[in-house]
2 protein chains.
Amino acid sequence: MNKAVSGQSGVRQVAKLAGVSVATVSRVFNQASNVRPDTRDKVMAAAKQLNYVPNSAARSLTMNRSYTIGIVIPTIDNSIFARFIDAIEQTLATRGYGLIVATCGFDRHCESRRVEELLKMGIEGLILSGAEHDPELLDLIAARNLPLVCTSLFDAEYPWPTIGYDNYTMGKAIARHLLDHGHRTFHILSGPQALIDRTRIRVQGILDELQEAGISDAAISETELNFAAGCEAAQNILTAPLNFTALLCTSDVLAMGVLLEAPRQGIRIPQQLSVTGFDDQDWAAVSNPGLTSVHTPSRRMGDATAQALMDNIEQGLPVDSQLIDSHLVIRGSSGPAPSAP
Amino acid sequence: MNKAVSGQSGVRQVAKLAGVSVATVSRVFNQASNVRPDTRDKVMAAAKQLNYVPNSAARSLTMNRSYTIGIVIPTIDNSIFARFIDAIEQTLATRGYGLIVATCGFDRHCESRRVEELLKMGIEGLILSGAEHDPELLDLIAARNLPLVCTSLFDAEYPWPTIGYDNYTMGKAIARHLLDHGHRTFHILSGPQALIDRTRIRVQGILDELQEAGISDAAISETELNFAAGCEAAQNILTAPLNFTALLCTSDVLAMGVLLEAPRQGIRIPQQLSVTGFDDQDWAAVSNPGLTSVHTPSRRMGDATAQALMDNIEQGLPVDSQLIDSHLVIRGSSGPAPSAP
DNA sequence: ATGAAAGCGCTAACAG
DNA sequence: CTGTTAGCGCTTTCAT
């Protein structure tokens with residue numbers, strides 16, 4: 001059983017070596033005011049000599065501050081989340097905060113457990129994905145008065161602050177794009193709607209737009225939200241003779257599978273089939289053809305989220321919900337509907 | 001100035017409500033042995049009623065344990081690192097450890113600063129990328145007796161444990177693959193060799209293999225290690241009439257740019273040009289053509305790293321260097337050299 | 001400008 | 001099996 005730190009030296013040693021009191025050492029390492037420059041130097045010298053690093057546990061205990069923010073997301077292994085975390089981490093770092101990450105797949109129970117673990121670790125703020133969480137968890141968070149931001153979607157009505165996109169409108173936009181190109185028969189490939197609210201909202205936007213155009217028979221295939229699952233789903237969807245001319249995917253990772261599978265089935269994109277995604281990952285510009293998708297600036301969302309949390313913690317500012325812009329990016333994977341589907 | 005926790009309740013309150021001593025409460029929340037079941041239940045009930053969550057700072061202070069591991073990597077926004085972290089996080093979670101992530105680009109000074117921040121946060125173990133670090137930093141880590149693992153490369157000779165791939169041999173392997181296909185003129189597109197040791201090692205492997213085949217005039221282009229930079233580099237490399245038939249990229253993110261740019265320049269892959277990557281990201285199987293690359297199982301590396309660290313911390317086991325297997329994946333982007341380059 | 005001393009909430013002997 | 005008590009290393013009044 002290894003002690004976390006062994007060659008440890010505390011304020012005490014530093015104080016002794018510098019010939020001052022522990023209070024002075026503490027002052028030097030905090031708001032350096034009220035310390036004579038030469039005293040300060042003596043302390044710093046002693047500290048360096050002893051390799052002194054303040055003990056965060058003791059610090060946290062007395063100040064009741066941990067300078068850590070927690071985040072629980074489905075996975076890190078998805079460009080969209082990776083970029084998001086990357087941005088959060090960098091913004092937090094500008095003010096000395098650390099980020100503790102935890103993943104939970106799309107399992108609500110797991111999410112709750114992970115949050116509890118983070119709570120035990122003393123986080124001062126929490127970032128969650130989406131707006132559907134265990135009510136008991138939300139109660140606990142409220143009881144602890146822990147700042148929380150729900151991300152990836154924007155919902156001004158939600159009782160907790162949300163920072164994210166207007167998934168509904170974007171769903172409508174991408175459907176409209178296809179309708180404008182003359183498509184009348186559609187298939188939707190989505191992630192698990194029951195587990196992911198923003199997926200459900202995207203689908204709803206698509207369906208509503210189609211509905212308004214008098215189309216109400218779009219088929220929906222659901223699958224897990226990862227590359228392999230997308231490939232498998234694509235195989236199933238694309239084998240039979242196509243009875244649709246447009247395939248809308250609620251996520252690029254799913255569209256990737258379609259792009260891979262279509263040529264194998266002899267289906268040409270976009271001549272025979274238009275395909276669209278959601279997220280606009282890097283590769284969407286590279287694939288052949290390029291993938292029409294909705295660009296969701298997750299980096300911007302991360303910055304905003306981190307900033308909001310820190311402003312709340314340090315200045316008590318309320319965390320306001322925030323709409324992050326997103327927009328359609330049209331590429332080669334979508335085009336005019338073939339004359340004879 | 002928001003207190004981190006406000007509706008707080010400590011062992012004391014719980015003890016009083018449950019009609020026991022603080023020691024008993026502590027026992028219940030730790031090694032539940034030596035506590036009568038009904039006492040235990042009373043305590044748990046009281047705790048639940050009060051929304052009690054143990055204060056981690058106090059806990060860490062008395063036990064001298066933080067149950068957190070720190071990692072400093074260049075970026076999270078790269079599939080390779082994202083997958084790596086994802087795996088680490090999940091493995092750590094199995095034993096109640098948290099992961100604090102920090103990014104530093106490819107800047108050694110920044111790396112040192114970030115590590116110091118993590119040190120201040122009380123991490124019990126540290127994960128770094130590569131094996132080139134500020135000597136002073138390494139001294140500090142040694143002085144604090146902090147377990148460290150250097151990842152992404154394997155080097156049995158290195159004074160600190162390394163867990164990663166044999167980049168050199170893989171560099172040789174991919175060059176050999178191309179040589180076997182009759183290629184005799186090469187161009188290498190690499191990330192910054194001065195900043196990234198494993199990149200340098202990969203390049204060295206390639207060069208050595210070519211050298212052994214009597215080829216010593218391979219040109220090398222260096223660029224930043226991200227998608228945009230890869231695109232730009234590809235534009236420069238591919239404009240002039242090609243004086244090489246194989247383009248080896250030291251990373252898939254770079255190869256992605258090449259795959260995007262080649263068709264724009266009217267260059268057909270692999271008929272006119274063979275392209276290879278390194279990492280085998282998801283999209284490598286999807287792109288058109290698929291990208292020949294070296295598969296580096298970053299998830300496996302993450303698991304091994306996390307496991308080694310925890311075993312060291314809890315059982316004092318030495319952290320042994322570990323070679324993670326990697327292998328060549330041949331796809332459509334590489335083929336026989338065109339007869340007339 | 002500096003020092004002395006009182007805890008922060010918890011765990012871990014040590015008693016009983 | 002349970003209670004009492006002494007710190008863990010630090011910050012922070014309150015004196016000086």
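Residue numbers start from 1 in every chain, and the chains themselves are labelled A, B, ... in the order their sequence lines are given, proteins ahead of strands.
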Is there a donor in the side chain of B:Gln307 and an acceptor in the side chain of B:Thr91, or the other way round, less than 3.5 Å apart?
no
A:Ser60 near the nucleic acid: base, sugar-phosphate alone, or nothing, with a heavy-atom cut-off under 4.0 Å?
nothing
Please classify the nucleic acid contact of A:Val20 as base, sugar-phosphate, or nothing, using heavy-atom distances under 4.0 Å.
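If one applies the 4.0 Å heavy-atom cut-off, A:Val20 turns out to touch the sugar-phosphate alone, with no base involved.
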Nearest to the [X] side chain among [options], which nucleotide is it?
X: B:Ser26; options: C:dT11, C:dT2, D:dT12; value: C:dT11
X: A:Leu61; options: C:dC10, C:dA1, C:dC8; value: C:dC8
X: B:Arg59; options: C:dG3, D:dG9, C:dT11; value: C:dT11
X: A:Ser21; options: C:dC10, C:dT2, D:dC1; value: C:dT2
X: A:Ala23; options: D:dG9, D:dT12, C:dT2; value: D:dT12
X: A:Arg27; options: D:dG9, D:dT13, C:dA12; value: D:dT13
X: B:Met63; options: C:dA12, C:dG3, D:dG9; value: C:dA12

Closest-nucleotide ordering on DNA chain D, the 5'-leading residue of B:Val22 and A:Val22:
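In this pair, the answer is B:Val22.
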Applying side chain to side chain donor-acceptor pair (under 3.5 Å), can you list everything that pairs with B:Arg59, at least two apart in sequence or on another chain?
B:Asn30
May I ask you to establish whether A:Arg65 and A:Tyr67 are in a cation-pi arrangement, using a distance under 6.0 Å from NZ or CZ to the six-membered ring centre and at most 45° from the ring axis?
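Ring-cation test returns yes.
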[X] [atom1] to [N] [atom2]: how many Å, rounded?
X: A:Tyr67; N: D:dC10; atom1: OH; atom2: P; answer: 16 Å
X: B:Asn30; N: C:dC10; atom1: CG; atom2: C1'; answer: 9 Å
X: A:Asn55; N: C:dC10; atom1: CG; atom2: C1'; answer: 14 Å

Just N and O in the side chain of B:Thr62: are any of them under 4.0 Å from OP1 or OP2 of C:dT11?
no
Please confirm whether the shortest side-chain N or O distance from B:Arg12 to OP1 or OP2 of C:dC10 is below 4.0 Å.
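No.
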Test: B:Arg144 and B:Glu124 ion pair at under 4.0 Å
no
Side-chain donor or acceptor of A:Thr162 paired with backbone N/O of A:Asp155 under 3.5 Å
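Yes.
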